[in-house]
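To start, the structure under review is shown below, and the notes come after it.
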Number of protein chains: 2
Amino acid sequence: MTELATTGTDLPRLRELNSLSIVRALRDHPPSTVTELSQRTGLSRPAVDVIAQGLVNDGWATVLEPGANSAVGRPARRYQFRAGAGHVLGVDVGVHKILALLADLDGNIVQTVRQTVAAEAEPAERLAELDNVINACVAGAGKAPSDIWAITVAVTGAVDAQGRTIFFTPLPGWKSVNLVAHLGVRFGCPIVVENDCKLAALAERWKGVASDADDIVYLLAGMRNGAGLIIDGVLRRGFGGAAGEIGALKHVRWLNAPAHLQNCPGVPETVSPDDAAAWVFNAAREGDRAARGAVHRYVKDLAVGAAALVLTLDPQVVVFGGGFSRSADLVLDPLRHELQRLCLRMPDVRASTLGADSVALGALKLSLNEVDDRLFRAGLSAPVAPRRQ
Amino acid sequence: MTELATTGTDLPRLRELNSLSIVRALRDHPPSTVTELSQRTGLSRPAVDVIAQGLVNDGWATVLEPGANSAVGRPARRYQFRAGAGHVLGVDVGVHKILALLADLDGNIVQTVRQTVAAEAEPAERLAELDNVINACVAGAGKAPSDIWAITVAVTGAVDAQGRTIFFTPLPGWKSVNLVAHLGVRFGCPIVVENDCKLAALAERWKGVASDADDIVYLLAGMRNGAGLIIDGVLRRGFGGAAGEIGALKHVRWLNAPAHLQNCPGVPETVSPDDAAAWVFNAAREGDRAARGAVHRYVKDLAVGAAALVLTLDPQVVVFGGGFSRSADLVLDPLRHELQRLCLRMPDVRASTLGADSVALGALKLSLNEVDDRLFRAGLSAPVAPRRQ
DNA sequence: CCAAATATGCTTTGATCTTTACAAAATCGT
DNA sequence: ACGATTTTGTAAAGATCAAAGCATATTTGG
């Protein structure tokens with residue numbers, strides 16, 4: 001079952017295993033005494049003691065010498081996971097903006113850099129901006145590229161295992177871009193490129209409205225509809241990275257859905273196409289009949305695709321996210337009503353609360369997961385940035 | 001990551017872990033020498049020796065004393081997993097038949113009992129037949145109920161976590177049946193009730209055409225269409241057990257698809273509705289224009305639902321199974337053609353080869369998985385039937 | 001100031017795996 | 001047929017690690 005069961009385990013490996021369990025315990029509940037760790041891991045106090053000291057020696061943990069202590073008895077040393085031992089990047093390369101987040105190993109965000117980009121920017125220009133944003137983010141936190149342990153970049157459109165954008169993307173000329181190769185020149189750490197919807201789903205489970213669920217359908221609703229799927233607590237990419245692309249099926253009217261908003265009669269000439277949807281939502285909120293009809297038709301079409309996903313996966317939660325989630329007050333109830341009509345078992349339908357940063361936040365989380373995977377797979381030697389492959 | 005990393009591991013647990021790894025190694029490649037096991041597990045030869053002898057003592061393994069030996073050197077004792085230490089049942093409760101398979105812990109089928117049932121049989125009658133079949137199967141192999149370590153029963157229609165049939169089933173009155181409670185009177189082992197499509201998918205990955213794939217969409221094609229999903233090598237039930245029920249969405253024309261066959265013009269009056277599809281497939285094979293048209297329309301509608309599943313999950317393989325898989329020669333190529341048109345990334349499309357037993361076979365596999373899960377989770381004490389909960 | 005409570009450090013004990021060594025059993029070459 | 005070679009079985013020694021127990025240190029509360 002576990003990979004440990006397939007291969008024999010000797011004493012050093014046992015020690016490593018127990019060290020890892022202490023690391024986990026340290027990360028879950030910060031500053032802990034040896035006794036607390038002993039209780040949480042089930043290991044004996046002396047065992048925890050030597051392991052904790054080993055972790056301090058290796059640089060994985062720091063000691064808080066006893067100071068003011070409210071409890072009775074001799075004050076205990078407290079051990080703390082050294083979250084600052086490494087940092088990870090999460091970057092969202094969108095059509096209009098690039099957003100980079102830098103966080104420590106506990107996921108605390110220490111630097112945020114945002115930069116607008118022209119929607120029609122060619123790859124070379126967009127990559128240059130990406131480099132600027134990443135440089136500013138890393139340097140702004142006083143870090144060097146070698147301090148970065150993992151990078152995840154979110155892009156629009158399905159992505160294959162090598163990080164190449166396939167099938168479709170609204171970014172001009174983007175299919176020829178190899179982001180891993182581009183960033184790999186300056187960063188030796190693992191670099192992952194992933195679809196924005198999938199990452200937003202991850203964020204929603206990490207810090208959003210779906211943190212209690214293991215089976216999640218995330219809808220990225222905007223001028224383009226997308227979906228991210230979390231099944232049994234794990235983000236699913238599909239065999240070729242194209243999971244969730246239900247919008248490609250014409251019988252499911254996802255492509256048309258936003259058009260109902262854009263083509264709504266009554267939108268003033270002065271409103272740009274990009275802002276038409278927001279105008280329609282506002283008008284609907286104020287009671288405009290045409291706008292309400294457009295929103296109604298939008299939700300009806302959106303629900304068909306959502307129902308296809310829900311019927312396929314039977315999730316616990318459907319999260320309504322993306323740009324349109326600001327108008328969730330208008331969408332959520334009719335969406336629930338339509339899903340009730342179309343689905344067998346009705347899932348929870350919730351509106352995203354993370355806003356525009358959710359994609360970058362999900363990228364950050366995937367970077368953290370990448371670090372964790374390597375840590376718990378390869379074992380903890382010394383806290384230095386892992387190398388690709 | 002692994003559950004072992006969360007909780008501390010002490011010496012006895014280490015021994016148990018290594019014992020389990022030996023059990024796995026034994027099961028993967030039968031009769032093995034200590035040296036072979038040592039190489040496969042990475043453990044030292046003496047360690048493997050004491051563990052193997054311990055397994056023999058506990059009843060998990062048997063020794064084959066050295067006999068004729070072609071290799072040079074002193075002939076080695078060979079250890080063998082005692083597959084006969086326990087047995088599991090896989091039962092398919094269909095509309096027209098009940099089929100029970102009994103297998104040892106290696107999955108070798110030792111008893112098969114099949115019994116036809118009237119389609120309109122009431123629950124009481126069907127349950128009585130089920131009891132008869134199971135009794136005959138267990139007794140026929142010379143076993144007692146206490147020798148059975150796990151039972152899985154396949155039924156048509158979605159099933160919740162408690163094994164209750166929900167939403168829909170063609171079995172009359174079946175929604176009121178609690179199979180776990182019914183069988184629990186005579187069997188103390190774990191009893192699982194699962195949807196037939198899902199189990200057939202499992203069988204196809206175990207012994208069928210999809211044994212190389214981890215991401216599989218299985219289509220159970222017959223007078224009713226169903227689907228079973230395997231994602232990352234694990235059968236997915238969905239949060240409420242209703243995963244794969246894409247047929248409920250009207251925009252996806254799964255409900256109508258078989259009707260094209262049943263309502264095909266030219267079917268003789270003498271052919272019963274149940275056999276109409278087979279007649280149409282045969283006629284199409286012989287060049288009948290109306291029949292070919294009906295098959296064409298059938299495939300077109302089938303493909304829409306399949307495409308919804310494929311676009312959602314992006315599987316490696318789509319398996320065309322169920323009763324109509326006998327006519328795969330007529331369906332496979334047009335199905336591929338339609339999917340190519342509708343999908344982004346084209347999966348492998350393969351026809352099932354397991355035939356009518358695939359559902360019971362999948363039930364057997366789920367029973368084996370259940371036993372394995374308990375074994376590798378709870379550890380190996382003595383080889384006796386596990387208790388429910 | 002003293003007893004109770006709690007935390008730490010150290011030692012002993014027991015369990016486990018690995019390494020090393022050697023005898024036993026079979027085959028191969030002469 | 002007989003010794004060399006190879007492989008297995010087993011025993012002893014060494015190393016690593018966790019558990020248990022005990023002495024010591026430090027704070028709290030009276």
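All values below come from the heavy atoms of this structure, side chains included, with hydrogens, waters and symmetry mates left out. We name chains A, B, ... by the order of the sequence lines, and we start the count at 1 in each one.
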Listing request: all salt bridge (Lys or Arg N to Asp or Glu O under 4.0 Å) pairs with a residue in residues 362-371 of chain A, at least two apart in sequence or in separate chains.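 Salt bridge (Lys or Arg N to Asp or Glu O under 4.0 Å) check on residues 362-371 of chain A returns E370(A)-R374(A).
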Starting at atom [atom1] of [X], determine the distance to atom [atom2] of [N], rounded to an integer number of angstrom.
X      : N       : atom1 : atom2 : answer
L64(A) : dA7(C)  : CG    : C1'   : 16 Å
R78(B) : dG9(D)  : CZ    : P     : 10 Å
R77(A) : dT27(D) : CZ    : C1'   : 16 Å

Between D357(A) and K207(A), is there a side-chain N and carboxylate O pair less than 4.0 Å apart?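 Salt bridge flag = no for K207(A) with D357(A).
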Return the set of residues passing side-chain contact (heavy atoms from CB on, under 4.5 Å) with [X] (not counting sequence neighbours), or none when no residue passes.
X       : answer
S146(A) : A144(A)
D232(B) : R236(A), D215(B), R236(B)
D104(B) : A83(B), H87(B), D106(B), N108(B)
P12(B)  : D10(B)

With the sugar-phosphate defined as primed atoms, P, OP1 and OP2, and the base as all remaining atoms, what B/S/- string results for nucleotides 10-24 of chain C, 5' to 3', for protein heavy atoms under 4.0 Å? ------BSBB----B
For dG9(D) and Q53(B) - does any side-chain N or O of the residue sit under 4.0 Å from the phosphate oxygens OP1/OP2?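 No, Q53(B) has no side-chain N/O under 4.0 Å of OP1/OP2 on dG9(D).
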Could you tell me whether T33(A) contacts a base, only the sugar-phosphate backbone, or nothing, with contacts defined as non-hydrogen atoms closer than 4.0 Å?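 Contact class for T33(A): none.
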